[in-house]
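Keep in mind that this is a model prediction, so the values were computed, not measured.
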Amino acid sequence: MARIGNIDVGDFPLLLAPMEDVSDPPFRALCKEQGADVVYTEFISSEGLIRDAAKSTMKLDIYEKERPVGIQIFGAELDSMLKSIEIVEKSNPDIIDINFGCPVKKVVSKGAGAGILKDIDLMVSLTEAMVKHTNLPITVKTRLGWDNDSIRIVEVAERLQDVGCKAISIHGRTRVQMYKGEANWAPIAEVKNNPRMHIPVFGNGDVDTPEKAVEMRDDYGLDGAMIGRASIGYPWFFREVKHYFETGHHLAPPTMLERLDAARRHLQMAIDWKGEKLGVFETRRHYTNYFKGIPHFKEYRMKMVTSDDAADVFVAFDEVERDFSDFQFA
Ligand SMILES: Cc1cc2nc3c(=O)[nH]c(=O)nc-3n(C[C@H](O)[C@H](O)[C@H](O)COP(=O)(O)O)c2cc1C
């Protein structure tokens, strides 16, 4: 049974990864319904929160139905990280996660995200200060190291644990790798096998089939799997993994009606939460996967992803229902 601080997150929990412009309240709600055990917000800038940038504060919105939920923040400045904790606490999350893994240049160049992997002492001291500044459990999400020659994740994870970090999620790539190549889970297993480690060690990177989740659990011995891209436009991935864990068999894919229901609710929740313009725009990236496998779908898809008008997108959903309601997904 994995625990993050006092929170029981079950046996081999599945965690929805923090993803910018993806892991928003509507999408988190859908993933939660389909079995995600812990969900995270996208990363939120500590500097942005302090400036009270509207876009940053909106990202703090969390809902009862999605608990346990972690709010992820990034930054490299002690002072702003501590101040941002106080702001984050007002949203009453269950967990505060620190992003020490984002590889994007604009983040890394400020020493934040994966940039901190060049200064492990700072990474540890920032984490320690944050742990001391809040009663909420602090978790860390990071990568294996800066580059292949500087992978010290076993030592790093132990030091983070020793200053009070309550769980660590490790993406099996270095910063230099960005998203290229295959994620390497072996160093994550080394972290887990360190006899001094007692906090949960969650694996991340390329879990896109139920079999891979089983591999992460049984062959690598990790405490849970954090799932990112495989869930985009496919929140059912969580229930499929769970079904496979329980039965050893693959669950039938969601029906057309389930997909349409999710797409409609997703778009409606997004509009309710962030307004029509952003709601329509930011839900687009999910449609390809929602409807993947339908032949000659391009015309319908184009309508969904080019119109700025929510009504047009809902009409496109209705047309899909009219024309493909009996379609069997493989
Ligand atoms: C669109 C997108 C946005 C992301 N945004 C974040 C983020 O805000 N914070 C973070 O820690 N990781 C972020 N990531 C990285 C993911 O959390 C995850 O580590 C990575 O995608 C590997 O897992 P996967 O193979 O299951 O997708 C993002 C990834 C994607 C694809």
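- The CD1 atom of I271 sits 7.0 Å away from atom OG1 of T283, with the distance rounded to the nearest 0.5 Å.
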### Derivation of the side-chain contact (heavy atoms from CB on, under 4.5 Å) call for N148 and V176
CA-CA 8 Å; N148 230 358; V176 166; over 6 Å; no
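- Scored by the side chain to side chain contact (heavy atoms under 4.5 Å, CB included) test, E190 finds V154 as partners (sequence neighbours excluded).
- In this structure, the separation between CG on D8 and CE on M1 is 5.0 Å, given to the nearest 0.5 Å.
- D318 meets the side chain to side chain contact (heavy atoms under 4.5 Å, CB included) test with R264; sequence neighbours excluded.
- Residues that satisfy the side chain to side chain contact (heavy atoms under 4.5 Å, CB included) test with T41, not counting sequence neighbours, are R28, I44, I62, I71, Q72.
- A heavy-atom distance below 4.5 Å is found between the side chains of I294 and M256.
- Partners of W236 under the ring-ring contact (aromatic ring centres under 6.0 Å, His included) rule, at least two apart in sequence or in another chain, are Y234, Y290.
- Atom CG of L136 and atom CD1 of I7 lie 8.0 Å apart (nearest 0.5 Å).
- The salt bridge (charged side-chain N to carboxylate O under 4.0 Å, His left out) check on E158 picks up R196, with sequence neighbours excluded.
- Partners of S80 by side chain to side chain contact (heavy atoms under 4.5 Å, CB included), not counting sequence neighbours, listed by chain and number: S46, E47, I50, E77.
- Listed by chain and residue number, E33, D261 satisfy the salt bridge (charged side-chain N to carboxylate O under 4.0 Å, His left out) test with R265 (two or more places apart in sequence, or in another chain).
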### Message
As a quick check of understanding, evaluate side-chain contact (heavy atoms from CB on, under 4.5 Å) for K59 and E42, giving each step before the final call.
### Response
CA-CA 8 Å; K59 291 175 186 168; E42 65 180 288; 3.5 Å; yes
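- Within the structure, side chain to side chain donor-acceptor pair (under 3.5 Å) pairs that include any residue of residues 197-216 comprise R173-D206, D206-R229, D208-K212, E211-H250 (at least two apart or interchain).
- The aromatic ring centres of H286 and H266 sit less than 6.0 Å apart.
- Rounding to the nearest 0.5 Å places CE of M226 at 8.0 Å from CG of L16.
- Once rounded to the nearest 0.5 Å, the distance linking OH of Y244 with CG of L251 reads 12.5 Å.
- Of all the heavy atoms in A310 and E276, the pair that sits closest is N-OE2, 2.8 Å.
- Put simply, the side chain of W146 never gets that close to the backbone of I116: no donor and acceptor are under 3.5 Å apart.
- Residues that satisfy the side-chain hydrogen bond (donor to acceptor under 3.5 Å, both in side chains) test with R217, not counting sequence neighbours, are absent from this structure.
- Between P25 and D61 the shortest heavy-atom distance is CG-O, 3.7 Å.
- V156 is not listed as a side-chain neighbour of T142, based on a closest heavy-atom distance of 4.5 Å or more.
- Closest approach of F74 to A112, counting heavy atoms only: CD1-CB, 4.1 Å.
- Using a 4.5 Å heavy-atom cutoff, the side chains of I98 and T127 are in contact.
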### Task
Please step through salt bridge (charged side-chain N to carboxylate O under 4.0 Å, His left out) for the pair E128 and K132, ending with a clear verdict.
CA-CA 6 Å; E128 180 171 24; K132 287 186 173 148; 3.2 Å; yes
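- No side-chain donor-acceptor contact under 3.5 Å links D223 to the backbone of F202.
- Taking the six-membered ring for Trp and the full ring otherwise, the centers of Y300 and Y287 sit at least 6.0 Å from each other.
- Distance CD/E182 to CG/N184: 9.0 Å, rounded to 0.5 Å.
- Heavy-atom neighbours of M302 CE from other residues, nucleotides or ligands within 6.0 Å: at or below the threshold of 12.
- The closest donor-acceptor contact from the side chain of S307 to the backbone of M304 lies at 3.5 Å or more, if one exists at all.
- Shown here for Q177 and G172, the closest heavy-atom pair between the two residues is OE1-O, 4.4 Å.
- Every residue was checked against the salt bridge (charged side-chain N to carboxylate O under 4.0 Å, His left out) condition with E246, not counting sequence neighbours, and none meets it.
- Shown here for P295 and F327, the closest heavy-atom pair between the two residues is CD-CE1, 3.4 Å.
- R152 has its side chain within reach of I120: a pair of non-hydrogen atoms, C-beta onward, lies under 4.5 Å apart.
- Residue A17 comes nearest to G228 through the heavy atom pair CB-CA, 3.7 Å, listed as atom of the first residue, atom of the second, then distance.
- For E86, the side-chain hydrogen bond (donor to acceptor under 3.5 Å, both in side chains) criterion is met by H133, not counting sequence neighbours.
- Remark: the backbone N or O of L60 is paired with a side-chain donor or acceptor of S91 at under 3.5 angstrom.
- Atom CG of D218 has more than 12 neighbouring heavy atoms from other residues, nucleotides or ligands inside a 6.0 Å radius.
- In this structure, the side chains of V104 and V108 stay at 4.5 Å or more apart for every pair of heavy atoms.
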### Message
Run the salt bridge (charged side-chain N to carboxylate O under 4.0 Å, His left out) test on R284 and D308 for me, step by step, so that the C-alpha distance in whole Å, both residues' side-chain angles and the decisive distance to 0.1 Å come before the verdict.
### Response
CA-CA 10 Å; R284 282 179 186 163; D308 294 331; 3.0 Å; yes
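- Using a 4.5 Å heavy-atom cutoff, the side chains of F237 and L14 are not in contact.
- Ion pair K242/D37 flagged as a salt bridge, since at least one NZ, NE, NH1 or NH2 atom sits closer than 4.0 Å to an Asp/Glu carboxylate oxygen.
- Using modelled atom types and a 3.5 Å distance limit, the side chains of W273 and D24 yield no donor-acceptor pair.
- Looking at R143, its side chain does come within 3.5 Å of a backbone N or O of T174 through a donor-acceptor pair.
- Heavy-atom neighbours of F281 CZ from other residues, nucleotides or ligands within 6.0 Å: at or below the threshold of 12.
- Between the side chain of T134 and the backbone N or O of V131 there is no donor-acceptor pair closer than 3.5 Å.
- For the pair E282 (side chain) and G279 (backbone), a donor-acceptor distance under 3.5 Å is absent.
- For S125 (side chain) and L122 (main-chain N/O), a donor-acceptor pair under 3.5 Å exists by modelled atom type.
- Within the structure, every pair that satisfies the salt bridge (Lys or Arg N to Asp or Glu O under 4.0 Å) test and touches residues 103-124, not counting sequence neighbours, is listed here: D121-R159.
- Remark: D97 does not engage K166 in a salt bridge, criterion side-chain N to carboxylate O under 4.0 Å.
- Side-chain contact between F238 and I227 is present, with heavy atoms from C-beta onward closer than 4.5 Å.
- Salt bridge annotation for R67-E64: present, with a cationic side-chain nitrogen under 4.0 angstrom from a carboxylate oxygen.
- The backbone N or O of A29 lies less than 3.5 Å from no partner atom in the side chain of E66, so there is not a single donor-acceptor pair.
- Remark: side-chain polar atoms of T57 are paired, donor with acceptor, to backbone N or O of A53 under 3.5 angstrom.
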